[in-house]
Number of protein chains: 2
Amino acid sequence: MGDDMRSGCPINLSLEVVGDRWSLLVIRDMMFGNRRHFRELLTKSEEGISSNILADRLKTLLAQGIITREDDPAHKQKGIYSLTEQGIELLPILAQMAAWGYKYLPVSEELGIRARLLSEGGPKMWAEFMDELRETHLGVKRRKKTGPSVGERLQAAYEKVVAKKR
Amino acid sequence: MGDDMRSGCPINLSLEVVGDRWSLLVIRDMMFGNRRHFRELLTKSEEGISSNILADRLKTLLAQGIITREDDPAHKQKGIYSLTEQGIELLPILAQMAAWGYKYLPVSEELGIRARLLSEGGPKMWAEFMDELRETHLGVKRRKKTGPSVGERLQAAYEKVVAKKR
DNA sequence: CTTAACCGATTGCATTTTGCAACTGGTTGC
DNA sequence: GCAACCAGTTGCAAAATGCAATCGGTTAAG
């Protein structure tokens with residue numbers, strides 16, 4: 001993660017910031033899995049990131065202004081990681097990657113259901129989900145709640161598939 | 001580029017395929033720079049990829065079905081690389097990355113202009129550009145041509161900025 | 001027909017990044 | 001007071017990356 005710039009191309013710059021094998025997975029877990037602590041990100045991830053890599057990525061994402069860290073008032077050692085607006089706006093990238101992966105790669109049924117719903121929901125659903133993230137990560141109040149949130153709907157759909165498969 | 005699967009999550013799988021520092025830049029140059037030969041991709045890139053990395057990435061992208069390679073009838077040594085439908089459908093990911101990078105990173109004016117136009121154009125413009133790519137890479141005839149293509153418009157805007165800056 | 005430039009790669013080697021496992025210094029709950 | 005938990009750090013091996021030189025073949029100019 002050197003800070004030497006290869007070119008001023010926006011795609012290149014984005015790749016220099018989040019174009020590695022782990023950064024976007026950490027963001028994904030913060031967004032869809034609501035992981036906010038180091039230990040949650042470390043142990044509750046599907047892929048099993050190792051602790052040194054996680055520590056390094058969190059440091060980089062922090063330095064880039066994609067996440068913030070604050071002390072957990074309920075536990076002196078715990079930090080709470082939150083997405084910034086800049087981090088929240090990575091969602092469309094994740095959504096497109098999810099849609100592409102769902103269409104072309106051997107996605108498992110339970111892990112693919114969210115991608116399918118998000119893809120079908122389109123940009124409108126993404127915007128709604130981003131508003132929910134602004135509420136949980138930035139403390140921005142949302143106006144209304146008619147029915148279950150996008151996050152709840154995705155989670156419910158996931159659990160339904162898991163239950164069905166067993 | 002091991003083929004061991006970390007998880008069946010669509011985002012993770014996408015990252016395993018194109019989540020490195022170079023693959024998407026190669027795709028970008030094929031899409032927006034119309035680079036089709038090894039030497040073009042090698043020397044006309046902003047970032048200066050090295051030949052062994054390029055060879056390796058082309059091999060991987062080929063194996064993944066994202067690009068194809070055929071012999072150039074006009075030159076026995078040259079191969080022509082083309083995007084497959086799967087590769088063309090990476091465009092929305094690139095477009096979102098371009099938009100995010102343009103918004104949050106120190107993008108140069110001349111390399112940012114395409115990102116701005118593409119972002120303003122939205123999914124409709126992306127679809128049009130993908131149709132143009134289907135024509136040039138897959139030989140699929142398009143129906144109509146009213147005015148300059150998206151590719152031409154992006155290129156013209158880029159050149160205009162370059163001319164202005166000098 | 002010679003020859004220099006060009007072609008898509010490959011090779012060897014140094015540097016950097018990643019991955020794993022053990023461990024540290026500290027906190028919390030029982 | 002002690003076991004479980006916490007956010008990381010350390011040491012080291014393995015893999016990926018980056019660079020420069022090179023290879024065997026093709027093409028175009030003279």
Side-chain angles (χ1 to χ4, degrees), chain A residues 1-7 12 15-26 29-30 33-64 67-82, chain B residues 1-7 12 15-26 29-30 33-64 67-82:
Chain A
M1 248 32 73
D3 46 6
D4 54 319
M5 207 175 64
R6 293 190 299 196
S7 91
N12 173 59
L15 285 171
E16 289 191 23
V17 175
V18 294
D20 69 281
R21 265 171 142 57
W22 288 109
S23 296
L24 286 178
L25 293 181
V26 172
D29 284 348
M30 290 182 73
N34 203 34
R35 320 259 191 264
R36 309 290 293 273
H37 303 292
F38 188 94
R39 202 48 60 157
E40 284 179 331
L41 288 163
L42 185 66
T43 58
K44 293 182 186 170
S45 122
E46 284 284 331
E47 293 85 11
I49 190 171
S50 46
S51 59
N52 54 345
I53 307 285
L54 176 58
D56 182 78
R57 290 306 177 279
L58 288 172
K59 207 178 292 177
T60 306
L61 292 171
L62 216 41
Q64 291 288 347
I67 61 175
T68 54
R69 194 209 128 110
E70 56 188 317
D71 292 332
D72 186 339
H75 191 302
K76 275 182 186 158
Q77 262 182 322
K78 280 187 181 174
I80 301 180
Y81 292 97
S82 302
Chain B
M1 244 30 71
D3 47 5
D4 54 319
M5 206 176 67
R6 294 189 298 196
S7 91
N12 173 58
L15 285 170
E16 289 190 23
V17 174
V18 294
D20 69 280
R21 265 172 141 57
W22 288 110
S23 296
L24 286 178
L25 294 181
V26 172
D29 285 347
M30 291 181 73
N34 204 34
R35 319 260 191 264
R36 308 290 293 273
H37 304 292
F38 188 95
R39 202 51 60 157
E40 284 179 332
L41 288 164
L42 185 67
T43 59
K44 292 181 185 170
S45 121
E46 285 284 332
E47 293 86 10
I49 189 170
S50 46
S51 60
N52 53 348
I53 306 285
L54 177 59
D56 181 78
R57 291 305 179 280
L58 289 173
K59 206 178 293 177
T60 306
L61 291 171
L62 214 42
Q64 291 287 347
I67 61 175
T68 56
R69 192 209 129 109
E70 56 188 317
D71 293 332
D72 185 339
H75 192 300
K76 276 180 188 160
Q77 265 182 323
K78 281 187 181 175
I80 302 181
Y81 292 98
S82 302

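Each chain gets a letter, A, B and so on, in the order the sequences are listed, and its residues count up from 1.
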Polar atom pairs (N or O), protein with nucleotides 28-30 of chain C, under 3.5 Å:
| unit_1 | atom_1 | unit_2 | atom_2 | d |
| --- | --- | --- | --- | --- |
| C/dT28 | OP1 | A/Lys76 | N | 2.8 |

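Atom CG of B/Leu54 is separated from atom C1' of D/dG18 by 13 Å (rounded to the nearest Å). One interatomic measurement links the two molecules: NE2 of B/His37 to C1' of D/dT26, which rounds to 14 Å at whole-angstrom precision. Atoms NZ (B/Lys44) and C1' (C/dC6) sit 13 Å apart, rounded to a whole Å. Rounded to whole angstrom, the span from the CZ atom of A/Arg39 across to the C1' atom of C/dT27 amounts to 13 Å. The separation between A/Arg6 atom CZ and D/dC19 atom P is 10 Å, rounded to whole Å. Atom CZ of B/Arg21 and atom C1' of D/dA16 are 12 Å apart (whole Å). For the pair A/Asp72 CG and D/dC6 P, the interatomic distance rounds to 11 Å; values are reported in whole Å. Separating the CD1 atom of B/Ile53 from the C1' atom of C/dC13 is a distance of 14 Å, rounded to the nearest angstrom.
Taking both residues in full, the closest heavy atoms of A/Arg6 and B/Trp22 are given as NH1-CZ2, 3.2 Å, listed atom of the first, atom of the second, then distance. Contact detail for B/Gly79 and B/His37: the closest heavy-atom pair is O-ND1, 3.1 Å.
Partners of B/Thr43 according to the side-chain hydrogen bond (donor to acceptor under 3.5 Å, both in side chains) rule, which considers only residues two or more places apart in sequence or in another chain, do not exist here. The side-chain contact (heavy atoms from CB on, under 4.5 Å) search around B/Ser45 returns B/Asp29, B/Glu47, not counting sequence neighbours. In this structure, the side-chain contact (heavy atoms from CB on, under 4.5 Å) partners of A/Ser51, at least two apart in sequence or on a different chain, are A/Phe38, A/Leu42. Applying the side-chain contact (heavy atoms from CB on, under 4.5 Å) rule to A/Lys76 yields no partners; only residues at least two apart in sequence or on another chain are considered. Under the rule for a side-chain hydrogen bond (donor to acceptor under 3.5 Å, both in side chains), the partners of A/Asp71 that lie at least two apart in sequence or sit in another chain are A/Arg69.
Looking at B/Ser51, its side chain comes within 3.5 Å of the base of C/dT10 through a donor and an acceptor atom.
Residue A/Arg69 has a polar side-chain atom (N or O) positioned under 4.0 Å from OP1 or OP2 of D/dG8. Within the structure, a side-chain polar atom (N or O) of A/Trp22 is placed less than 4.0 Å from OP1 or OP2 of C/dG19. Side-chain nitrogen and oxygen atoms of B/Arg57 include at least one within less than 4.0 Å of the OP1 or OP2 phosphate oxygen of D/dT17.
Of the candidates C/dT10, D/dG8, C/dC20, the closest approach to any side-chain atom of B/Ala55 belongs to C/dT10. With C/dT10, D/dC19, C/dG8 as the choices, the nucleotide that has an atom nearest any side-chain atom of B/Lys59 turns out to be C/dT10. When each of C/dC20, D/dT17, C/dA9 is scored by its nearest atom to the side-chain atoms of A/Ser50, the top-ranked nucleotide is C/dC20.
Comparing B/Asn52 and B/Glu40 against DNA chain C, the residue whose closest nucleotide sits nearer the 5' end is B/Glu40.
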